[in-house]
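Take a look at the structure set out below.
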Amino acid sequence: MKADLVIKNIGKLATMRSKNTPVVGKDMNNVEILEDAYVAIKDGIFIEIGIGENYKNIVNFNTEINDAQGLLVTPGLIDSHTHLVHGGSRENEFSKKISGIPYIEILKEGGGILSTVKSTKEHSDEELYSKAIKSLDRMLELGVTTVESKSGYGLEIDTEIKQLKVAHQLNKTHPVDLVHTFLGAHAIPIEYKNNSKKYIDILINEMMPKIKELELAEFCDVFCEEGVFSIEESELILSKAKEMGFKLKIHADEIESLGGAELSAKLKCISADHLMAASEEGIDMMAKNKVIANLLPATSFNLNKPYANARKMIDSNLGIALSSDYNPGSCPSENLQFVMQLGCLGLKMTPYEVLNAVTINAAYAIDRQNEIGSIEIGKKADLVVFDAPNIEYLMYHFGINHTKQVYKNGNLVVDDKVILSKI
Ligand code: NIG
Ligand code: FE
């Protein structure tokens with residue numbers, strides 16, 4: 001078998017190969033780095049990884065050979081928690097927020113998530129699509145090749161479907177791959193303010209079966225938080241979702257320590273996300289049940305809240321992923337490279353731990369570990385050439401885009417920071 005493409009002269013190739021499990025504990029600080037390496041690709045899949053000029057017997061006249069100019073190459077980055085598709089923005093709440101009015105207080109006054117629900121309802125599919133595609137372009141330019149995308153700004157069936165359909169359309173037209181999550185349990189709609197039981201009933205008996213029937217989402221998620229969905233309500237929603245065949249995620253212990261981490265362990269969620277206020281017991285229970293801790297340090301940064309206890313999580317052998325949480329309220333930024341920098345500066349993770357968290361462990365957080373997250377034979381040829389000499393440099397030199405080139409399924413899609421094609 002001959003390659004379609006060889007990328008040679010890779011100064012440092014961070015393969016992020018793992019042993020068929022999420023990377024945990026001390027192993028998070030290990031990265032396999034091959035020097036003077038090449039990768040060979042056929043039909044969008046890696047078929048060989050090697051050193052120096054050894055690619056000679058896998059090429060023929062038709063093989064394209066690209067030179068990585070001695071730079072750093074990693075797998076395509078994975079953003080495993082975003083609220084990509086939504087209408088409008090919330091800069092009108094920005095001054096309130098910096099004056100110290102709490103996030104949940106703004107939500108209780110009908111702002112926050114509920115104000116984005118209003119604008120998402122008012123925007124057409126086309127408007128939502130053209131806003132989201134701009135964000136997806138930004139993500140791709142930054143080296144992100146797979147994105148998880150949640151609904152949750154409809155809180156009634158038609159708008160939830162509209163959001164999910166826009167995400168499916170983006171998945172068809174844009175090089176970035178999307179993974180779809182239903183987050184109907186993102187807030188209690190204003191109409192049910194004093195009757196949350198009724199909304200939960202509609203969610204379970206009408207909305208979730210419809211989303212499942214239309215095959216619009218693979219995951220179901222809940223915002224489990226004081227004043228939003230309680231532990232009991234979250235357990236009810238997620239266990240029904242599991243019965244219907246959804247994989248589970250949970251926004252857990254973001255602001256208050258409610259026991260969301262413990263619940264994620266009990267229900268064996270694929271990931272529990274945020275965890276800024278997770279208890280030590282909850283962390284240990286998650287580790288035992290192999291739930292991925294999906295940490296979102298740019299949200300701590302933006303809400304001016306404490307960072308999650310990543311060091312305790314690593315000591316407890318909990319697999320950590322990092323993602324942006326891109327949304328118009330608690331994290332209006334698509335920048336996963338900034339998240340990586342905050343992984344070091346805020347969460348006190350090492351650069352190698354951070355790279356594991358946005359590649360192979362992030363693949364586990366969206367159940368795509370067999371296809372993406374590392375550079376190994378048989379996986380999708382998604383990779384980033386960074387204009388950087390080593391991994392540490394990516395986190396050390398903060399606030400800029402380090403990407404030189406991005407390949408998606410073996411196609412060069414970003415060159416010198418410019419997107420080349422939409423397919
Ligand atoms: O993950 N915490 C709940 N949901 C989002 C925020 C959504 C919003 O404020 O619009 C989050 O932070
Ligand atoms: Fe979120």
Side-chain angles (χ1 to χ4, degrees), residues 79-94 96-97 101-121 123 128 131-132 135 147-155 159-160 163 167 179-189 219-229 234 237 248-256 258 260 264 269-278 292-308 321-334 336 339 342 362 365-366:
D79 195 341
S80 53
H81 180 141
T82 84
H83 303 254
L84 176 71
V85 180
H86 57 262
S89 53
R90 307 223 293 269
E91 67 277 18
N92 59 326
E93 292 170 359
F94 190 55
K96 262 192 194 168
K97 198 186 78 175
I101 301 180
Y103 177 80
I104 289 291
E105 210 46 56
I106 298 177
L107 175 63
K108 279 187 188 149
E109 286 164 9
I113 296 173
L114 293 172
S115 107
T116 302
V117 166
K118 191 165 175 288
S119 30
T120 305
K121 280 188 210 297
H123 284 84
L128 294 178
K131 177 174 166 62
S135 291
V147 168
E148 183 261 10
S149 166
K150 301 176 196 294
S151 67
Y153 292 116
L155 311 183
T159 312
E160 291 288 322
Q163 264 189 287
V179 171
H180 308 281
T181 297
F182 174 62
L183 179 58
H186 196 191
I188 307 287
F219 285 88
C220 182
D221 194 345
V222 173
F223 185 15
C224 176
E225 185 61 57
E226 185 78 60
V228 192
F229 292 92
S234 303
I237 296 163
L248 306 185
K249 289 184 167 287
I250 177 168
H251 282 66
D253 300 324
E254 175 179 354
I255 298 162
E256 300 293 331
L258 276 196
S264 75
C269 293
I270 302 264
S271 76
D273 302 37
H274 286 292
L275 301 170
M276 281 123 84
I292 295 281
N294 201 357
L295 306 184
L296 317 165
T299 301
S300 298
F301 173 82
N302 186 58
L303 293 181
N304 206 8
K305 291 269 175 204
Y307 288 86
L322 291 183
S323 47
S324 70
D325 194 21
Y326 168 60
N327 73 72
S330 64
C331 188
S333 169
E334 301 89 343
L336 194 63
V339 169
L342 288 177
I366 50 172

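Counting convention: from 1, in listed order, for ligands and their atoms alike. Small disclaimer: the values here were computed from a predicted structure and weren't measured. Just so you know, residue 1 is the first one in the sequence shown, and it goes up from there.
Taking only nitrogen or oxygen atoms, main chain and side chain alike, Thr116 does not reach within less than 3.5 Å of ligand 1. Geometrically, ligand 1 and Thr299 share no nitrogen or oxygen pair separated by less than 3.5 Å.
Seen from the Fe ion (ligand 2), atom OD1 on Asp325 and atom NE2 on His251 lie at an angle near 160° (rounded to 10 degrees).
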(message) side chain to side chain donor-acceptor pair (under 3.5 Å) for His274 and Asp253? Distances and angles first, verdict last.
(response) CA-CA 7 Å; His274 286 292; Asp253 300 324; over 6 Å; no
(message) Does Glu93 form a salt bridge (Lys or Arg N to Asp or Glu O under 4.0 Å) with Arg90? I'd like the steps, not just the answer.
(response) CA-CA 6 Å; Glu93 292 170 359; Arg90 307 223 293 269; 3.1 Å; yes
(request) Under the side chain to side chain contact (heavy atoms under 4.5 Å, CB included) rule, what do Tyr153 and Val85 come out as? Steps first, then yes or no, please. (result) CA-CA 9 Å; Tyr153 292 116; Val85 180; over 6 Å; no
(request) Go through Asn294 and Lys249 one step at a time and tell me if the side chain to side chain donor-acceptor pair (under 3.5 Å) criterion holds. (result) CA-CA 10 Å; Asn294 201 357; Lys249 289 184 167 287; over 6 Å; no
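Remark: Asn92 CG is packed, more than 12 non-hydrogen atoms of other residues, nucleotides or ligands lying under 6.0 Å away. For OH of Tyr307, the number of neighbouring non-hydrogen atoms (other residues, nucleotides, ligands) closer than 6.0 Å is greater than 12.
For the Fe ion (ligand 2), the N/O/S atoms of Asp221 include none lying under 2.8 Å. At a cut-off of 2.8 Å, His81 coordinates the Fe ion (ligand 2) through an N, O or S atom.
One side chain, Glu148 or Thr181, offers a donor N or O that lies under 3.5 Å from an acceptor on the other. Using modelled atom types and a 3.5 Å distance limit, the side chains of Asp325 and His81 yield a donor-acceptor pair.
Heavy-atom proximity to Arg90, at under 4.0 Å, picks out these atoms of ligand 1: 8 (C), 9 (O), 10 (O). For ligand 1, the atoms closer than 4.0 angstrom to any heavy atom of Asp325 are 1 (O), 11 (C), 12 (O). For ligand 1, the atoms closer than 4.0 angstrom to any heavy atom of His81 are 1 (O). Numbered from 1 in the order shown, with element, the atoms of ligand 1 that lie under 4.0 Å from a heavy atom of Ile113 read 7 (C), 8 (C), 9 (O), 10 (O). Of all the atoms in ligand 1, the ones that sit under 4.0 Å from a non-hydrogen atom of Tyr153 are 7 (C), 8 (C), 10 (O). When each atom of ligand 1 is checked for a heavy atom of Asn327 under 4.0 Å away, the hits are 5 (C), 6 (C), 7 (C), 8 (C), 9 (O), 10 (O), 11 (C), 12 (O).
The N, O or S atom of His83 with the smallest distance to the Fe ion (ligand 2) is NE2.
Contacts of Glu225 with ligand 1, taken as heavy-atom pairs under 4.0 Å, are absent altogether.
Taking the six-membered ring where the residue is Trp, Tyr326 and His86 present tilted rings, their angle falling between 30° and 60°.
Proximity of a side-chain donor or acceptor of Lys118 to a complementary backbone N or O of Gly111 within less than 3.5 Å is not detected.
Of the listed residues (Lys150, Glu93, His186), the one carrying the non-hydrogen atom nearest atom 4 (N) of ligand 1 is His186.
The nearest protein atom to atom 6 (C) of ligand 1, hydrogens excluded, is given as Tyr103 OH, 2.9 Å; this is a heavy-atom distance. Summary of contacts: the protein heavy atom closest to atom 12 (O) of ligand 1 is Ser330 OG, 2.5 Å. Glu254 OE1, 2.8 Å is the protein heavy atom nearest to atom 2 (N) of ligand 1.
Contact of the Lys150 side chain with the Asp221 side chain is registered, since non-hydrogen atoms from C-beta on lie closer than 4.5 Å.
The closest approach between His86 and ligand 1 stays at or above 4.0 Å for every heavy atom of the residue.
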